[in-house]
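Just below is one structure, and these are the notes that go with it.
In what follows, every chain begins at residue 1, and chains take the letters A, B, ... in the order their sequences are listed. Atoms considered below: every heavy atom in the structure, side chains included; atoms not considered: hydrogens, waters and symmetry mates.
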Number of protein chains: 2
Amino acid sequence: MMHGQLKHHIEKLIPLADDEFAFIRSHFISQNFKKGDFLIQQGENVLYLYYVVSGLLKLSYNDESGKEYIVSFSMEDWWESDIQAYYRRTKATMSLQCIEDTDVLCITLEGYKKLCAGLQKMEHFFLEKSIGGHIASQQRILSFITSNATERYEQLLKRYPQLIQRVPKSLLASYLGVSRETLSRLSS
Amino acid sequence: MMHGQLKHHIEKLIPLADDEFAFIRSHFISQNFKKGDFLIQQGENVLYLYYVVSGLLKLSYNDESGKEYIVSFSMEDWWESDIQAYYRRTKATMSLQCIEDTDVLCITLEGYKKLCAGLQKMEHFFLEKSIGGHIASQQRILSFITSNATERYEQLLKRYPQLIQRVPKSLLASYLGVSRETLSRLSS
DNA sequence: TTCTGATTGTGATGTTTGTCACACGACATA
DNA sequence: TATGTCGTGTGACAAACATCACAATCAGAA
């Protein structure tokens with residue numbers, strides 16, 4: 001049951017009464033996608049913030065020449081969207097696409113605001129999640145400043161060993177900011 | 001008056017009644033630092049989240065060999081700390097040091113929690129700030145993935161033109177993840 | 001002023017990484 | 001079976017960048 005997973009996920013940070021979770025649940029809808037499907041298309045409006053129940057997503061930016069750059073991967077229990085476009089109601093600068101078949105729970109910005117207004121705990125929950133995301137981003141930046149391709153790959157292996165099994169190496173290369181050829185030559 | 005600046009800063013996002021701001025203000029203390037002083041020392045506890053009233057700070061990481069890597073600069077109206085160490089009560093992995101004489105307002109984690117608990121608006125404010133920080137971090141990551149040193153420098157010039165006037169180029173180079181020699185050769 | 005330290009520019013050289021090209025195997029489909 | 005796509009490895013070469021060395025400039029302190 002999808003919603004049970006969300007309840008368990010939230011309760012890792014804050015305890016919930018049953019009626020509180022019922023209130024939370026009422027703000028989400030569930031959606032299913034197939035490998036290759038787009039949840040967000042670059043240039044379009046972003047309707048939802050997504051909670052990944054199962055599957056795997058990539059958040060990526062495509063430049064004019066068509067090259068793809070991967071900003072992040074999202075696995076089970078991760079929250080994902082084009083944050084800027086979602087919160088600021090602007091057009092998406094990135095796209096969100098399935099690497100595997102994926103089940104998500106989605107919430108609109110309107111729903112998000114109502115949820116936070118109606119249940120202060122959830123504003124606290126989202127703040128905690130946002131802080132965690134901010135910390136992770138800072139460490140990734142530090143990895144770019146301090147390390148070369150080999151070291152960045154080792155750090156990725158150490159931090160997200162599960163990911164390497166599920167993601168094509170060409171996409172890992174894009175995430176690390178190197179060409180797929182360079183990544184291929186690192187193992188040596 | 002320092003506190004008037006903080007009030008104005010918060011009111012850019014949320015309106016405040018006078019008694020509400022008095023409540024907010026009571027959670028902060030003010031501190032003054034000279035150029036070169038440390039607000040946070042790598043390896044020590046992080047007591048405060050800082051709001052920069054005036055001056056300029058650098059948040060940086062020093063590796064074993066003593067090389068310095070700059071994670072971010074903080075100017076007027078910016079919030080800064082070793083976020084991970086502050087929120088998770090761990091030892092600082094980075095240091096925070098003055099590039100110029102700097103006045104700040106500080107709040108302890110205990111004070112922060114009391115403030116958010118006592119005034120829901122402030123939890124909302126910090127969530128907005130955190131989202132903004134997260135967006136900025138993502139764009140910096142994207143800059144590392146998609147761009148070479150020249151392009152990253154141009155993006156920095158465009159985004160924070162004020163900064164270039166106030167920060168030594170050797171520090172800008174560290175922020176961009178290139179050697180100072182390479183940065184020096186880019187203008188050509 | 002004179003000295004010292006901090007900052008920056010620049011040449012020479014080697015390492016790292018990107019780009020282009022091609023080959024190979026896995027897999028799905030007709 | 002034949003055919004095409006996708007992911008991956010690898011060689012050859014060029015571009016980007018780091019490192020080391022040295023010189024020049026500037027600001028502040030004695």
Original post:
Nearest to the side chain of A:Pro168 - D:dT8, C:dG18, D:dA18?
Top reply: D:dT8

Subject >> A:Glu181 side-chain proximity, nearest of C:dT8, D:dT8, C:dA21 >> reply: C:dA21

Original post:
Would you find more than 12 non-hydrogen atoms of other residues, nucleotides or ligands less than 6.0 Å from B:Lys121 atom NZ?
Top reply: yes

Original post:
Can you check whether B:Tyr86 and B:Trp79 have ring centres sitting under 6.0 Å from each other?
Top reply: no

**OP:** Mind calculating the distance between OH (B:Tyr153) and P (D:dA16) to the nearest angstrom?
**Re:** 18 Å

**OP:** Take atom NZ of B:Lys35 and atom C1' of D:dG28, then tell me their distance rounded to the nearest Å.
**Re:** 10 Å

**OP:** Give the rounded distance in Å between these two atoms: CD1 of A:Ile145 and C1' of D:dC17.
**Re:** 16 Å

Subject >> Proximal nucleotide (of C:dG18, C:dT19, D:dA21) relative to the A:Arg185 side chain >> reply: C:dT19

Subject >> Qualifying residue for side chain to side chain donor-acceptor pair (under 3.5 Å) with B:Ser60, from B:Glu68, B:Lys67, B:Gln97 >> reply: B:Glu68

Original post:
Tell me: CG of A:Leu183 to P of C:dT16, nearest whole Å?
Top reply: 16 Å

Original post:
Tell me: OH of B:Tyr69 to P of D:dA18, nearest whole Å?
Top reply: 11 Å

Subject >> Upstream residue (5' side of DNA chain C) when A:Asn148 and B:Leu171 are each assigned their closest nucleotide >> reply: B:Leu171

Original post:
Roughly, in whole Å, what's the span from CZ in A:Arg180 to P in C:dC20?
Top reply: 12 Å

Original post:
Quick one: is the NZ or CZ of B:Arg166 closer than 6.0 Å to the six-membered ring centre of B:Tyr160, and within 45° of its axis?
Top reply: no

**OP:** Verify the contact: side-chain N or O of B:Lys67 to OP1 or OP2 of D:dA18, cut-off strictly under 4.0 Å; return yes or no.
**Re:** no

Original post:
C:dT8 phosphate, OP1 or OP2: any side-chain N/O from B:Ser170 under 4.0 angstrom?
Top reply: yes

Original post:
Which one, C:dT17, C:dG9, D:dG9, comes nearest to the side chain of A:Ala149?
Top reply: C:dT17

Original post:
Taking atom P of C:dT17 as reference, at what distance in whole Å does atom CG of A:Leu186 sit?
Top reply: 7 Å

Original post:
For B:Leu176, which of B:Ile70, B:Leu156, B:Thr182 qualifies under side-chain contact (heavy atoms from CB on, under 4.5 Å)?
Top reply: B:Leu156

Subject >> Phosphate-side-chain proximity, B:Thr182 and D:dC17, N/O vs OP1/OP2 below 4.0 Å >> reply: no

**OP:** Measure the distance from NZ on A:Lys169 to C1' on D:dT10 and round it to the nearest whole Å.
**Re:** 14 Å

